[in-house]
Amino acid sequence: MFTIYSIGDSAFLEQILIAISMITGTGDFEQMVAVGLLIGVLIMAFQSLFQGGQKIPFQQILVCWIIYACAFGPSTTVVVEDAYTGDARVVANVPVGVGAAGGIISNVGYSITRMFETGYGAIAPGITTTYFADALKLLNDARRSLADPEVFQAINEANGGGHVNVRQSITNYIQECTLLKIDRGEVSIDELMRTHITPAMRFNSAVYGTQLYDTPGNPNGSYYNCSDGHMVLEAMLDQLGDNQAQQAVATVLSRDPTFMSVSGQITDAMQALGIAASQAQNYMKTAIIEPLYYDAASGKYQEMRDYTSAIMVNQAIQQRNTQWAAEQSMFMSIVRPMLTFIEGFVYAITPFMAFLIVLGGFGIKLVSKYGQMLLWTQLWMPVLSIVNLFLYMSASNEMASYSMDTMGLYSFYALDRSSDILESWIATGGMLAAATPILTLVLVTGSSYAMTSLAGRMQGADHVNERQSTPDMMTNGAVMANMPSATQDPTSGLRATGADQAVGSLKIGSQLSSNLQSAEQHMESAQQKFGSSLSNAITAGGNQTQSYERMSSLGSQVSSMGGQSSTAVSEAAADFRQQYGIDAKHQRAIEGAFAVSGSMGAA
């Protein structure tokens, strides 16, 4: 019996070995080998003819047949052990050549890895006991996923179910108590972000209060003041330790709680990263409350009709959610499936090795390449173990630089900053893990092409946009440019692009200027006409005497009235008289004429 340590997916490798045992136990497989043996004899015969026909090396065919008979004749039992979880899967009737090659070479790789991890086991957990970068991924997933509805439903059930609503209760308390504490100036936003989550949320007030849904049979909730309400919330969140809630968290995080609860796994992960001051329960509580805080802040702004702030907070939430959705562990999404496929592929092609073996010396050389491929895959595990150590040490040192090893992960700031650190090193670990096959290929083959490929990966890419600080002197426009769907400016407000051309426009400035100019021209023309008419009337004969006398009498009456109107008429008459060179003795008549013109609405 042989044991093969699987570094990919042990279930997939089990199915591959089952298929091999079924194929090699059929008559079709023996017929394929017989065809290969015949082809091998023909190749030897032709080679002999090309060399002068002195002899046919049947001994090569005999040796190849003996190797085939030893490798694929007898069968054995193989135990496939998962290198990460330790799960064992037993497969019977596997050809002894496949089981022996896989078992011996995988034991070499596994043993080397165990020796490495024995040396640095006190610094970082090894990949023979946990997954690659497991602690980093677990804390990052917990921070992103604990506000899942399934978790809140489990907490509601742990508090009695029915009309209990922990999510709405937390949102109400933050809106009506925690944010009120900020508005009253009792704490700044920076202090709130850096303070332990428990005192950060609490607002000690018997005057202000909020509605909490903590009673199973009360759909309307109960009113508590902010001091009492915080204690009620703490009691509700303490149910995170309930078995049902832990099972929901395990489901959301895709964790197996059989041997250790999720809280225990998170505690081990924080200890592996040197954050011994934190407790899993408080970390989970902070991860649950943080997204609800931003939702509550957005709701409060909307109630205050501060739509600009509400849009700003909502945009931040959406950008955060988009970022979280795009961020995945490189190892789990790329490297682990790649290891699984290549490992399964190496074992899956073993039936073809039987066909190649009986071809003679040419086939024997190809089979040696197959053994080299097996050794190549088994060297991945020691290299991944070294990369894993590097990730843990680097992430731990960076977290210690922010005092997270002593202050813990109890505040929003520590939660966000630790998440940034974890995401950065998970991405780095994914890149290094993806380079593992190339590193091991260099060790096995010494290939210069592999070294060139590895050097190319180390060059990286240009992520800095230098044009932001040093723009181009000239740029060419695109053949076609798409405009935004809507534009906004302080004067015109929000409008759809192109709306200005679709509706009429009113240019107030130019219209007023045109109207003013037209009025001035009309006024000048009317003044000239009036002056000419008045001058003619004054210098006319006796038939105009009565009219002149009436105007003079009216002017005298207007002048005697006093007040601003009388003064304005007198000043206008004096200006008019001076403009047209009329004698001063006609002042009263002109004042009477102006009074009549004003009452009739003339120019």
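Source: prediction; values computed, not measured.
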Within a strict 4.5 Å, meaning less than it, do heavy atoms of the [X] and [Y] side chains meet?
X	Y	answer
Val252	Val249	no
Gln246	Met284	yes
Arg194	Asp190	no
Phe152	Val166	yes
Phe116	Ile386	yes
Leu422	Leu273	yes
Glu14	Leu17	no

Starting at [atom1] of [X], measure out to [atom2] of [Y] and round the result to the nearest 0.5 Å.
X	Y	atom1	atom2	value
Asn156	Asp214	CG	CG	11.0 Å
Ile170	Tyr293	CD1	OH	14.5 Å
Ser169	Ile155	OG	CD1	11.5 Å
Ile23	Ile18	CD1	CD1	12.0 Å
Tyr173	Tyr224	OH	OH	13.0 Å
Ile182	Cys177	CD1	SG	12.0 Å

Mutual orientation of the aromatic rings belonging to Trp380 and Trp376 [parallel < 30°, tilted 30-60°, perpendicular > 60°]: perpendicular

Which atoms form the tightest heavy-atom contact between [X] and [Y], and what is the distance?
X	Y	value
Ala395	Leu136	CB-CD2, 4.2 Å
Ile288	Leu146	CG1-O, 3.6 Å
Ser263	Ala280	O-CB, 3.2 Å
Pro95	Ala71	CB-O, 3.7 Å
Gly103	Ile4	N-CG1, 3.7 Å
Leu138	Ala269	CD2-CB, 4.0 Å

Do the side chain of [X] and the main chain of [Y] share a donor and acceptor less than 3.5 angstrom apart?
X	Y	answer
Ser418	Leu415	yes
Lys181	Arg202	yes
Tyr392	Ala135	yes
Arg167	Ala147	yes
Gln168	Tyr213	no

Phe12 and Tyr347: CA distance, side-chain angles, deciding distance, side chain to side chain contact (heavy atoms under 4.5 Å, CB included) verdict: CA-CA 11 Å; Phe12 179 69; Tyr347 286 97; over 6 Å; no

Look at atom [atom1] of [X] and say whether more than 12 heavy atoms of other residues, nucleotides or ligands are closer to it than 6.0 Å.
X	atom1	result
Arg89	CZ	yes
Met393	CE	no
Arg114	CZ	no

Do [X] and [Y] have a side chain donor and acceptor closer than 3.5 Å?
X	Y	result
Tyr5	Asp82	no
Ser385	Glu117	yes
Glu81	Ser6	no

Residue list, salt bridge (Lys or Arg N to Asp or Glu O under 4.0 Å) with Glu186, at least two apart or on another chain: Arg184

Any residue meeting salt bridge (Lys or Arg N to Asp or Glu O under 4.0 Å) with Asp141, in chain and number order, not counting sequence neighbours: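 Lys137, Arg144.
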
Residue list, side-chain hydrogen bond (donor to acceptor under 3.5 Å, both in side chains) with Thr210, at least two apart or on another chain: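 Thr210 satisfies side-chain hydrogen bond (donor to acceptor under 3.5 Å, both in side chains) with Glu176 once adjacent residues are dropped.
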
By side-chain hydrogen bond (donor to acceptor under 3.5 Å, both in side chains) - contacts of Asn165 (at least two apart):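 Expected list: none.
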
Scan the side chains in residues 229-243 for donor-acceptor partners under 3.5 Å anywhere in the protein, sequence neighbours excluded, and list what turns up.
residue, atom, partner, partner atom, Å
His230, NE2, Thr198, O, 3.2
Glu234, OE1, Lys285, NZ, 3.1
Asp242, OD2, Gln244, N, 2.9

Side chain to side chain contact (heavy atoms under 4.5 Å, CB included) between Gln247 and Glu150, intermediate numbers included: CA-CA 10 Å; Gln247 183 62 48; Glu150 185 170 351; over 6 Å; no

From CA spacing to verdict: side chain to side chain contact (heavy atoms under 4.5 Å, CB included), Ile174, Met201: CA-CA 7 Å; Ile174 294 175; Met201 277 190 61; 4.0 Å; yes

Pairs where residues 384-396 contributes a residue and the test salt bridge (charged side-chain N to carboxylate O under 4.0 Å, His left out) is met, not counting sequence neighbours: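 Listed by first then second residue: nothing to list.
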
Worked verdict on Tyr283 versus Leu139 for side chain to side chain contact (heavy atoms under 4.5 Å, CB included): CA-CA 9 Å; Tyr283 179 80; Leu139 293 182; 3.9 Å; yes

